[in-house]
Protein chains: 4
Amino acid sequence: MSKRNGDKKEIILEAAKIVFAESGYHGASISKIAKRAGIGDGTVYLYFKNKEDILITLFHDTIHNKFAEQVEQAIRYYDDARLALLELVRNHFDFFGRDIHLSRVIQIESRQSEQNVREGMKPGIQKYFRIIESVVERGQEQGHFRKDVSSRNSRKMIFGTLDEMVTSWVLSTKEYPLIQMVEPAYKLFIQGLLECGKSDGI
Amino acid sequence: MSKRNGDKKEIILEAAKIVFAESGYHGASISKIAKRAGIGDGTVYLYFKNKEDILITLFHDTIHNKFAEQVEQAIRYYDDARLALLELVRNHFDFFGRDIHLSRVIQIESRQSEQNVREGMKPGIQKYFRIIESVVERGQEQGHFRKDVSSRNSRKMIFGTLDEMVTSWVLSTKEYPLIQMVEPAYKLFIQGLLECGKSDGI
Amino acid sequence: MSKRNGDKKEIILEAAKIVFAESGYHGASISKIAKRAGIGDGTVYLYFKNKEDILITLFHDTIHNKFAEQVEQAIRYYDDARLALLELVRNHFDFFGRDIHLSRVIQIESRQSEQNVREGMKPGIQKYFRIIESVVERGQEQGHFRKDVSSRNSRKMIFGTLDEMVTSWVLSTKEYPLIQMVEPAYKLFIQGLLECGKSDGI
Amino acid sequence: MSKRNGDKKEIILEAAKIVFAESGYHGASISKIAKRAGIGDGTVYLYFKNKEDILITLFHDTIHNKFAEQVEQAIRYYDDARLALLELVRNHFDFFGRDIHLSRVIQIESRQSEQNVREGMKPGIQKYFRIIESVVERGQEQGHFRKDVSSRNSRKMIFGTLDEMVTSWVLSTKEYPLIQMVEPAYKLFIQGLLECGKSDGI
DNA sequence: GATGAATGAGAGTTCATTCAT
DNA sequence: GATGAATGAACTCTCATTCAT
């Protein structure tokens with residue numbers, strides 16, 4: 001049955017997520033993944049071409065199909081780009097804050113892979129990049145956001161900051177909830193480092 | 001002689017840099033590195049404990065001893081934190097823009113490593129983190145930078161943005177000089193996304 | 001029904017013939033054979049013990065039951081051993097010239113098998129060997145064929161030559177019809193290499 | 001030292017010969033070969049690309065470099081093609097009669113290999129083919145051998161017969177020395193099956 | 001100090017075979 | 001009878017590391 005099939009693929013992905021998070025991408029052998037999934041080594045190859053394929057699928061399912069999709073939906077009904085950006089930031093931290101294993105895989109392990117794999121992860125990230133950039137562009141059109149910095153570069157700041165904050169949290173002891181980063185991140189995006197109303201950027 | 005010794009160690013590090021950049025960390029075998037360095041495989045083990053050790057040393061030498069050191073020197077004579085930050089940004093892009101192989105290793109390959117290695121790279125990054133944070137704190141004391149965002153979080157934005165911009169450049173076709181990212185990065189840091197004097201962050 | 005049963009067995013053998021010919025004995029997986037036969041992998045095991053069994057059956061059916069049988073019938077009504085030999089040669093090339101897939105399996109792939117399999121192919125070949133030898137012996141009794149070479153050795157020449165000619169054809173681009181080898185083979189068998197009436201064998 | 005290198009390669013080939021002969025090409029694992037050679041598994045890969053490479057080298061060394069070479073030398077000083085042919089036959093059986101393991105590999109196991117391998121064995125066999133054909137052609141020019149059968153076809157008879165006789169001996173209990181096949185083979189080549197001076201080929 | 005041949009643990013992967021459905 | 005998902009033994013091959021020279 002297709003039900004079954006989906007189930008087993010899901011089971012393998014779930015097991016792989018845990019193993020990748022705990023042993024790292026290169027320390028994760030097919031054998032370990034299979035054992036954790038409670039299946040035979042060979043069975044993995046019925047559902048995935050190889051270890052790369054597992055990581056790519058995990059990444060794509062997560063980032064392209066779930067995360068980027070969810071963000072897109074979440075900001076759909078905000079007209080003001082500033083509010084849309086706030087919602088985007090909230091979603092980012094909310095998503096990664098929910099599943100520490102997943103976050104570890106996405107933030108750390110997925111970057112430990114060959115050219116090959118990174119190629120397979122591109123569509124997912126780029127979908128997210130385009131979402132961020134479109135928010136920035138909307139803000140520029142609305143006259144809220146500066147136009148002397150390209151939306152591409154603004155996106156690099158936004159994504160770079162969010163990414164660094166999540167990575168930092170993943171590698172930390174996680175004493176604070178990730179969601180509490182929404183406020184500082186948003187403030188920095190909007191007004192930068194400047195003391196409000198008091199100072200200028202020289 | 002320690003002179004000689006230093007020489008050979010340097011030669012190996014230089015070779016490793018190229019091989020890591022071209023083949024990736026996991027695709028780089030000791031054999032390849034030794035061949036490129038023009039020495040025997042076994043000789044590598046006279047200077048390094050293992051492959052991990054090479055990467056850690058390469059990273060530490062570069063980031064802790066050269067890069068962070070150089071940044072520290074460069075901002076030493078700026079009193080105004082805003083100008084110090086500008087100089088820091090300039091140094092960051094200047095440093096990584098000069099050596100594409102090195103940049104690739106630092107931005108991409110060094111993240112493809114085990115817990116172990118990342119542990120060894122910590123001192124270097126943290127030295128740089130502290131430099132950034134001290135600039136921010138100085139700005140706060142001077143009344144230029146906001147105090148409602150911690151220096152730690154501001155640092156995450158600054159480092160995250162710079163890092164993302166370098167990574168983006170490394171993975172691109174490098175048609176633009178990295179140094180031209182100084183201006184957009186600095187602007188975003190200082191005033192964020194807002195249109196100057198026209199808009200507010202809601 | 002035995003009819004049905006026979007049908008499916010036949011279908012599997014036919015599929016196996018093609019797959020063996022195209023992928024080689026060792027490159028032919030049960031899975032490939034089943035797919036080609038349009039049945040499930042497991043079904044193969046209802047009709048055959050294993051892959052070896054398929055090859056042995058294919059060989060035996062072909063060589064013992066069809067080919068040797070047909071040759072035996074064909075030479076039955078020739079009294080003169082020389083004419084019987086000619087007919088045997090004609091049959092040999094005719095049979096293998098008709099089915100290139102089969103020829104490939106018999107000439108090439110069936111020799112890529114373990115002791116085991118070769119054991120199972122013996123009865124078929126030996127039946128053919130006995131046919132050849134009996135023709136030679138008849139020729140000796142009739143005073144046509146030499147008696148200073150044993151029928152066993154003469155058979156080795158005859159079979160070795162025919163076999164080499166078929167193999168050669170199978171591995172070639174097959175621009176010539178195999179049947180045209182009847183004449184040179186027969187001539188060489190009968191009078192050997194000597195120029196007729198002119199020369200002696202020293 | 002190059003001496004050493006040659007030694008170890010030779011040791012592996014010798015071990016492989018025995019293992020191929022005893023377990024068959026497909027039953028021979030690299031592990032078995034290494035164990036028999038008294039070396040580590042990995043060492044095999046310092047000298048050979050893979051199992052195929054071992055068989056190809058074994059075959060080429062034996063057939064192209066030793067056997068065909070030796071035959072070429074042996075017949076060099078015979079002017080009369082009939083005597084050259086006799087010497088060729090003698091050499092063939094002498095060579096294969098000396099080393100039963102080698103014969104088994106050449107006659108049986110080397111035919112159990114993929115397209116790939118057979119391609120690598122071609123140069124060796126074809127060198128031998130050309131030697132046989134050149135003897136036949138010389139005989140034709142001398143007026144001793146028939147011209148109504150091409151040298152190519154005559155070669156197929158000669159090689160096919162010799163090959164079949166060796167195979168037959170290899171698969172037998174080897175109660176007779178292979179060298180005693182020289183006489184019947186030569187007789188059949190020269191005068192075929194006909195009773196001398198008494199009969200005709202119809 | 002320098003070498004590089006040798007090692008063997010351990011990875012990925014295939015596929016004949018089984019068995020619950 | 002028919003299926004094909006699941007299995008796991010067994011294989012090939014790589015490469016960090018050692019050590020006799």
Side-chain angles (χ1 to χ4, degrees), chain A residues 1-2 4-5 7-9 11-12 26-35 37-54, chain B residues 1 4-5 8 12 26-35 37-54, chain C residues 1 4-5 8 12 26-35 37-54, chain D residues 1-2 4-5 7-9 11-12 26-35 37-54:
Chain A
M1 325 267 142
S2 71
R4 269 257 125 126
N5 198 311
D7 278 2
K8 189 138 289 174
K9 205 166 177 177
I11 287 170
I12 295 171
H26 283 284
S29 66
I30 292 287
S31 221
K32 267 189 200 167
I33 294 171
K35 195 158 292 162
I39 58 172
D41 289 21
T43 308
V44 175
Y45 289 90
L46 295 180
Y47 298 93
F48 297 95
K49 241 175 59 244
N50 47 38
K51 197 165 71 166
E52 283 188 3
D53 191 25
I54 299 178
Chain B
M1 318 274 138
R4 276 243 119 145
N5 197 313
K8 191 146 283 183
I12 295 171
H26 284 283
S29 64
I30 292 286
S31 214
K32 267 190 200 167
I33 295 171
K35 193 161 291 161
I39 58 172
D41 290 22
T43 308
V44 174
Y45 288 87
L46 297 177
Y47 297 93
F48 297 95
K49 238 175 60 243
N50 48 37
K51 195 164 75 164
E52 283 187 2
D53 191 26
I54 299 178
Chain C
M1 318 274 138
R4 275 244 120 145
N5 196 312
K8 191 147 283 183
I12 295 171
H26 284 282
S29 64
I30 292 285
S31 214
K32 266 190 200 168
I33 295 171
K35 193 160 292 162
I39 59 172
D41 290 21
T43 310
V44 173
Y45 288 88
L46 297 177
Y47 298 93
F48 297 95
K49 239 174 60 240
N50 49 37
K51 195 165 76 163
E52 284 187 2
D53 191 25
I54 300 177
Chain D
M1 324 272 139
S2 71
R4 269 259 126 126
N5 197 311
D7 279 1
K8 190 137 287 178
K9 204 165 179 178
I11 287 169
I12 295 171
H26 284 283
S29 66
I30 292 287
S31 221
K32 267 190 201 169
I33 294 172
K35 196 159 290 161
I39 59 174
D41 289 22
T43 309
V44 174
Y45 290 90
L46 295 180
Y47 297 94
F48 298 95
K49 240 174 60 243
N50 48 37
K51 198 166 70 166
E52 283 189 2
D53 191 26
I54 299 178

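Chain A is the first sequence line, chain B the second, and so forth, proteins listed ahead of strands; every chain is numbered from 1. Worth saying up front: this structure is predicted, and the values here are computed from it rather than measured.
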With side-chain contact (heavy atoms from CB on, under 4.5 Å) as the test, would you mind laying out the steps for C:Lys8 and C:Leu46 before giving the verdict? CA-CA 10 Å; C:Lys8 191 147 283 183; C:Leu46 297 177; over 6 Å; no
Nearest heavy-atom neighbours spanning D:Ala37 and D:Ile12: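 The answer is CB-CA, 4.4 Å.
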Distances under 3.5 Å only, N/O to N/O: pair up the protein atoms with those of nucleotides 17-21 of chain F.
{"unit_1": "F:dT17", "atom_1": "OP2", "unit_2": "B:Tyr45", "atom_2": "OH", "d": "3.3"}

Rounded to the nearest Å, what distance is computed from the [atom1] atom of residue [X] to the [atom2] atom of nucleotide [N]?
X       : N      : atom1 : atom2 : answer
A:His26 : F:dT14 : NE2   : P     : 17 Å
A:Phe48 : E:dG12 : CZ    : P     : 15 Å
A:Asp53 : E:dT13 : CG    : C1'   : 14 Å
C:Tyr47 : F:dG1  : OH    : C1'   : 7 Å
C:Lys35 : F:dA2  : NZ    : P     : 19 Å
A:Asp7  : F:dA6  : CG    : P     : 10 Å
B:Ile12 : E:dG1  : CD1   : P     : 12 Å

Should D:Ile39 and D:Ile11 count as side-chain neighbours, where that means a heavy-atom distance under 4.5 Å?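 Result no, sub-4.5 Å side-chain heavy-atom pair not found.
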Is there a side-chain contact between D:Ile30 and D:Phe48 (heavy atoms, below 4.5 Å)?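 No, their side chains stay 4.5 Å or more apart.
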From the list E:dT3, F:dG1, E:dA2, which nucleotide is the closest neighbour of the side chain of B:Lys8?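 Out of E:dT3, F:dG1, E:dA2, the nucleotide with an atom closest to B:Lys8's side chain is E:dA2.
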Can you work out whether C:Gly40 or A:Leu46 has the more 5'-proximal nearest nucleotide on DNA chain F? C:Gly40
Just to be sure I understand the rule, does C:Thr43 reach a base, reach only the sugar-phosphate, or reach nothing, if contact means heavy atoms closer than 4.0 Å? base
Does F:dA2 have a Watson-Crick or wobble partner in any strand here, with both distances under 3.5 angstrom, and which is it? E:dT21
So how far is it from C:Asp53 CG to C:Lys51 NZ, rounded to the nearest 0.5 Å?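 Answer for the CG-NZ pair, C:Asp53 versus C:Lys51, is 13.0 Å.
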